[in-house]
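Reading through the structure tokens given below for one structure.
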Amino acid sequence: MLRFLTAGESHGSTEIAILEGMPAGLYLTTEDIQKDLDKRRASAGRGGRGLIEKDQVKILSGVRHGLTLGSPVALLVENLDFPNWIDIMSSHPSGDMKRHPSEITNPRPGHADLAGAIKYGFSDIRNVIERASARETIMRVAVGSICRKFLLEFDIQINSRILQIGKVHLLKSLNYKQMEEVIMEARKRKDTLGGVIEITAQNVPAGLGSYVHWDRKLDGKIARALMSIPSVKAVEIGDGVKNSGKFGSEVHDVISYDKKFFRQTNRAGGLEGGVTNGEDIICRVYHKPISTLGNPLKTVNLKTHKPETALIERSDICVVPRAGVISESMIAFVLADAFLEKFGSDALSDIKRNYRFYLDRIN
Ligand SMILES: Cc1cc2nc3c(=O)[nH]c(=O)nc-3n(C[C@H](O)[C@H](O)[C@H](O)COP(=O)(O)O)c2cc1C
């Protein structure tokens, strides 16, 4: 139903995305997208790039007079830092394949640097870094904003909160000062931190997804989408991790009825058998600490095979404060896709009518 592609290098001129399958008739402005891009940019735990990136989005196609047309929506974000990288990112002026003076040969543990260079036969790790960088998640957020706007037409809302940074469990949803202190401590030690984010989707109807085939199960689609975010190393649905150590009687959510089916608890996180059950969808993502370290780890030179220290590239300390919006965006995309699959796909007005019929039937 819905699909998107992104393109762009971290220090290239632009990041772009094409979203296909968004129905006609959705009001969409650049401001809808811009507010999510701003959330991804500004926060504690950022390195120098946070000050450079302004990430202004442009809508290039698929929207006319403020309404989506049903045709592909093309988006673009220019990289304001590109002029400083133009020499490194451009092809060699003479077109020959001479070694660029900035060639990188000391791969960083925890990055795609070594595996990527081996895979493509590159002698310059910059070729890997540029696309493997999480800068690409800008376009996931941009695409996710459109999906989120679509879901809001049906009152489906997606939010996130930070549960943990490093070893510190945060009691309130987002205590900026508390986060800054923990991250500042890591910065002083020239080290990095990971953490845990919880994402919740509210007002999701029962019946999205499918139990009939492994690749249609919505829990699987959500897990894949979240796991694809750089530095996410585990995904949890509901109380999945805690539940594995309990008795079944303590875990499963008793079914009740009061004008409609509901649960008094939601330990399943809104998904049973790969299908939404009408409760909130609750997921957690576990981010590893950033791999680029101020005190770099030992590595081996790609060419000489001699020991070296890993590359120090301009880098954040902790991605968690600004990564929530990326997870929200990925869930928005998966839910919008599942919604279109169930309720139709071309015109927003048709989809609304189909949805009303469905709600009448199930409530
Ligand atoms: C928003 C965001 C920003 C990131 N920034 C950095 C960074 O500045 N430095 C770094 O080493 N890793 C950063 N990462 C993580 C790496 O991109 C990631 O660890 C790396 O590409 C390897 O992928 P993997 O951890 O998923 O295996 C960031 C991740 C996200 C989601």
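Ligands are counted one by one from 1 in listed order, and the atoms in each one are counted from 1 as well.
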> What is the nearest protein non-hydrogen atom to atom 6 (C) of ligand 1, stated with its residue, atom name and distance?
Replying inline: Ile290 CD1, 3.8 Å

>> Heavy-atom distances under 4.0 Å decide this one: backbone, side chain, both or neither, for Lys288 against ligand 1?
In response: side chain

>> Quick test of your reading of the model: are Glu153 and Lys149 salt-bridged, counting only N-O distances below 4.0 Å?
In response: no

> Among protein heavy atoms, which sits nearest to atom 21 (O) of ligand 1, and what does the distance come to when rounded to 0.1 Å?
Replying inline: Ala132 O, 3.5 Å

> Going by the atom numbers of ligand 1, which of them fall below 4.0 Å from some non-hydrogen atom of Ala134?
Replying inline: 2 (C), 3 (C), 4 (C), 17 (O), 28 (C), 29 (C), 30 (C)

> How does Ile326 reach ligand 1, by side chain, by backbone, by both or by neither, if only non-hydrogen atoms under 4.0 Å count?
Replying inline: side chain

> Could you go step by step and tell me if Val320 and Leu193 meet the side-chain contact (heavy atoms from CB on, under 4.5 Å) rule?
Replying inline: CA-CA 8 Å; Val320 175; Leu193 290 171; over 6 Å; no

>> Using a plain distance cutoff, I'd like to know if His287 has any nitrogen or oxygen under 3.5 Å from a nitrogen or oxygen of ligand 1.
In response: no

>> In this structure, does ligand 1 have an atom that sits under 4.0 Å from one of the heavy atoms of Gly110?
In response: yes

> Can you tell me which residue and heavy atom of the protein come closest to atom 4 (C) of ligand 1, and the distance to 0.1 Å?
Replying inline: Val319 CG1, 3.3 Å

> So, for Tyr355 and Phe339, is the gap between ring centers shorter than 6.0 Å?
Replying inline: yes

>> Just to confirm my output: which protein heavy-atom neighbour is closest to atom 8 (O) of ligand 1, and how far is it?
In response: Asp316 N, 2.9 Å

> After noting the C-alpha distance and the side-chain angles of Thr137 and Arg40, does the key distance pass the side-chain hydrogen bond (donor to acceptor under 3.5 Å, both in side chains) rule?
Replying inline: CA-CA 9 Å; Thr137 58; Arg40 181 193 166 281; 3.1 Å; yes

> Any idea which protein heavy atom is nearest atom 26 (O) of ligand 1, and the distance to it?
Replying inline: Ser231 N, 3.0 Å

> Step by step, would you call Asp81 with Asn84 a side-chain hydrogen bond (donor to acceptor under 3.5 Å, both in side chains)?
Replying inline: CA-CA 6 Å; Asp81 198 23; Asn84 299 324; 2.7 Å; yes

> Is there at least one pair of N or O atoms, one from Lys233 and one from ligand 1, spaced under 3.5 Å apart?
Replying inline: yes

> Any N or O on Ser315 sitting closer than 3.5 Å to an N or O of ligand 1?
Replying inline: yes

>> For ligand 1, which is the ligand I care about here, please tell me if Thr292 has any N or O atom under 3.5 Å from one of the ligand's N or O atoms.
In response: yes

> Short list, please: which atoms of ligand 1 are under 4.0 Å from a heavy atom of Arg322?
Replying inline: 1 (C), 3 (C)

> Taking Tyr286 as the fixed residue, which of Lys233, Glu236, Gln164 is the one that meets the side chain to side chain donor-acceptor pair (under 3.5 Å) rule?
Replying inline: Glu236

> In this structure, which one of Arg267, Arg284, Lys246 forms a salt bridge (Lys or Arg N to Asp or Glu O under 4.0 Å) with Asp239?
Replying inline: Arg284

> Arg314 to ligand 1: N or O pair under 3.5 Å?
Replying inline: no

> Can we say Glu328 and Arg148 salt-bridge, meaning some charged N sits less than 4.0 Å from an Asp/Glu carboxylate O?
Replying inline: yes

> Can an N or O of Arg108 be found at a distance shorter than 3.5 Å from an N or O of ligand 1?
Replying inline: no

> Are there more than 12 heavy atoms of other residues, nucleotides or ligands under 6.0 Å from atom CZ of Phe261?
Replying inline: no

> In Å and rounded to the nearest 0.5 Å, what is the NZ to CG distance from Lys342 to Asp337?
Replying inline: 14.0 Å

> Looking at atom 31 (C) of ligand 1, what's its closest protein heavy atom, distance included?
Replying inline: Pro230 O, 3.3 Å

>> Return the closest protein heavy atom for atom 12 (N) of ligand 1 as residue, atom name and distance.
In response: His111 CE1, 3.6 Å

>> By the definition side chain to side chain donor-acceptor pair (under 3.5 Å), identify the one residue from Arg314, Arg108, Glu313 that meets it with Thr292.
In response: Arg108

